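I have placed the structure first, in the form of structure tokens, so that the comments after it can refer back to it.
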Amino acid sequence: MVTDQADLYAVATAFRQSRMVAVAVELDVFSLLADEPATLTELCARLRLHPRPTEALLNGLCTMGILALDGDRYRNRAPADSRLDRTEPDYTGGPFAVAGWQFPLWTRLRALLETGEPQGADAGLGFCPDSVALRRFVEAADARSARCGPALAREIDPAGATHVVDLGGARGTVLASILHAHPHLTGTAFDLHAVRPLFDEHATRLGLTDRMRFRGGDFFTDDLPPADVYLLGHLLSDWDDDRCAYLVARAARALRPGGTLLVHDPLIDPDRPHTNENWVHSLSTQLIGPAGTVNTTDDCRGWLAAAGLTGIEVRAFVDTESLVVGQKLP
Ligand SMILES: C[S@@+](CC[C@H](N)C(=O)[O-])C[C@H]1O[C@@H](n2cnc3c(N)ncnc32)[C@H](O)[C@@H]1O
């Protein structure tokens with residue numbers, strides 16, 4: 001909340017700090033320093049950078065508390081030492097990669113407001129021009145959903161269920177949390193074909209190749225696999241109302257009788273005023289397009305009801321997200 005002039009100034013200039021960290025992540029400064037603290041000269045030589053702006057960047061990161069300077073050597077401080085070092089299992093630098101490709105989009109905010117038209121690539125993988133960009137995108141999705149997997153595992157009633165499908169399940173991180181928590185379940189991540197290599201690599205790393213598999217395709221047009229549980233996480237806010245309703249109906253059709261469908265997203269919930277933060281997310285998805293918006297928990301209830309699901313409940317979920325759950329009649 002902005003309460004005084006200093007807060008206003010901090011908001012006005014926040015993009016500068018964001019860019020500094022995002023570019024340092026892009027250059028892999030933190031992975032490099034995790035190997036060994038380094039001097040300005042060493043870093044500039046390794047990364048082929050100009051010393052004057054690089055010194056300002058590194059010292060700026062020190063004043064933010066992200067790096068420290070011991071003598072003439074820079075080193076990572078916590079949490080950058082594990083969170084921004086790409087080789088660490090706790091790496092969560094993905095949001096900075098997203099900040100990197102979203103930054104030019106946000107310079108088009110006024111155009112969005114004036115036209116109502118999206119200003120960037122679509123919500124599929126149109127903005128991931130190559131395998132490196134795709135990997136960064138999937139890492140970013142992981143960073144955002146890291147806390148969702150364990151939370152979903154607690155929300156799912158595993159009794160009587162055998163198979164879970166995560167629609168738009170990326171490389172399977174959420175699915176893996178659920179399968180770890182419920183050892184009798186198997187699962188499928190359904191996503192675009194391009195994601196398969198990242199899924200295969202991740203499933204192998206997690207030792208889950210025998211319990212989770214990948215199905216490549218377009219969730220609007222290709223057959224969806226049957227399951228007892230369907231997850232739609234961080235998906236619907238990318239699409240317009242008609243496509244949300246259509247996707248929910250397709251998933252509901254693929255559910256086995258007695259199955260459960262769970263949607264989670266940063267929805268606006270009239271009963272929880274702090275979820276109004278999600279309007280910022282709404283702008284972000286509207287900039288990306290083709291029709292992204294942030295919907296309300298009531299919209300979501302409506303799509304589940306229209307798909308014939310019953311016992312629909314809205315629950316508070318991680319951060320400012322909501323979970324909307326419905327059942328298919330046995
Ligand atoms: C915002 S990410 C959400 C990932 C994950 N469910 C999570 O909670 O973080 C959306 C996912 O949907 C996938 N996707 C987008 N359009 C798709 C389509 N038409 N068919 C299948 N997957 C699609 C993307 O590749 C991406 O992995």
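Predicted model, so just to flag it, every value in this text is computed and none were measured. Read the numbers this way: they start at 1 and go in the same order the structure lists the ligands and their atoms.
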Quiz item: What residue pairs, at least two apart or across chains, pass salt bridge (Lys or Arg N to Asp or Glu O under 4.0 Å) with a residue in residues 94-118?
Solution: Arg110-Glu114

Quiz prompt | Any N/O pair Asp218/ligand 1 closer than 3.5 Å | solution = yes

Exercise. Answer yes if the side chains of Thr320 and Asn278 hold a donor-acceptor pair under 3.5 Å, and no otherwise.
Key: yes

Side-chain donor-acceptor contacts of residues 22-30 below 3.5 Å, not counting sequence neighbours, with atom names and distances?
residue: Asp28; atom: OD1; partner: Ser31; partner atom: OG; Å: 3.0
residue: Asp28; atom: OD1; partner: Arg86; partner atom: NE; Å: 3.1
residue: Asp28; atom: OD1; partner: Arg86; partner atom: NH2; Å: 3.4
residue: Asp28; atom: OD2; partner: Arg86; partner atom: NE; Å: 3.3

Quiz item: Which ligand 1 atoms does Gly217 reach within 4.0 Å, using its non-hydrogen atoms?
Solution: 20 (N), 21 (C)

Quiz item: Val174 to ligand 1: N or O pair under 3.5 Å?
Solution: no

Quiz prompt | Distance, nearest 0.5 Å, that separates OG1 of Thr297 from CG of Asp271 | solution = 6.5 Å

Practice problem: Please indicate whether any nitrogen or oxygen in Asp166 is less than 3.5 Å from any nitrogen or oxygen in ligand 1. | Solution: no

Quiz item: Between CG of Leu231 and CD of Glu155, what distance do you get to the nearest 0.5 Å?
Solution: 11.5 Å

Self-check item: Heavy-atom nearest neighbour of atom 5 (C) of ligand 1 within options Gly172, Ala141, Gly168
Solution: Gly168

Practice problem: Specify whether His234 and His264 have parallel, tilted or perpendicular ring planes, treating 30° as the upper limit for parallel and 60° as the lower limit for perpendicular. | Solution: perpendicular

Quiz item: Counting only heavy atoms, which portion of Leu235 has something under 4.0 Å from ligand 1: side chain, backbone, both, or neither?
Solution: side chain

Practice problem: Return yes or no for this condition: an N or O of Gly233 is under 3.5 Å from an N or O of ligand 1. | Solution: yes

Quiz item: Do His193 and Arg196 get their side chains close enough for a donor-acceptor pair, meaning under 3.5 Å?
Solution: no

Self-check item: Polar atom proximity, Asp191 to ligand 1 (N or O, under 3.5 Å)
Solution: yes

Practice problem: May I ask you to check if ligand 1 and Phe219 share an N or O to N or O distance below 3.5 Å? | Solution: yes

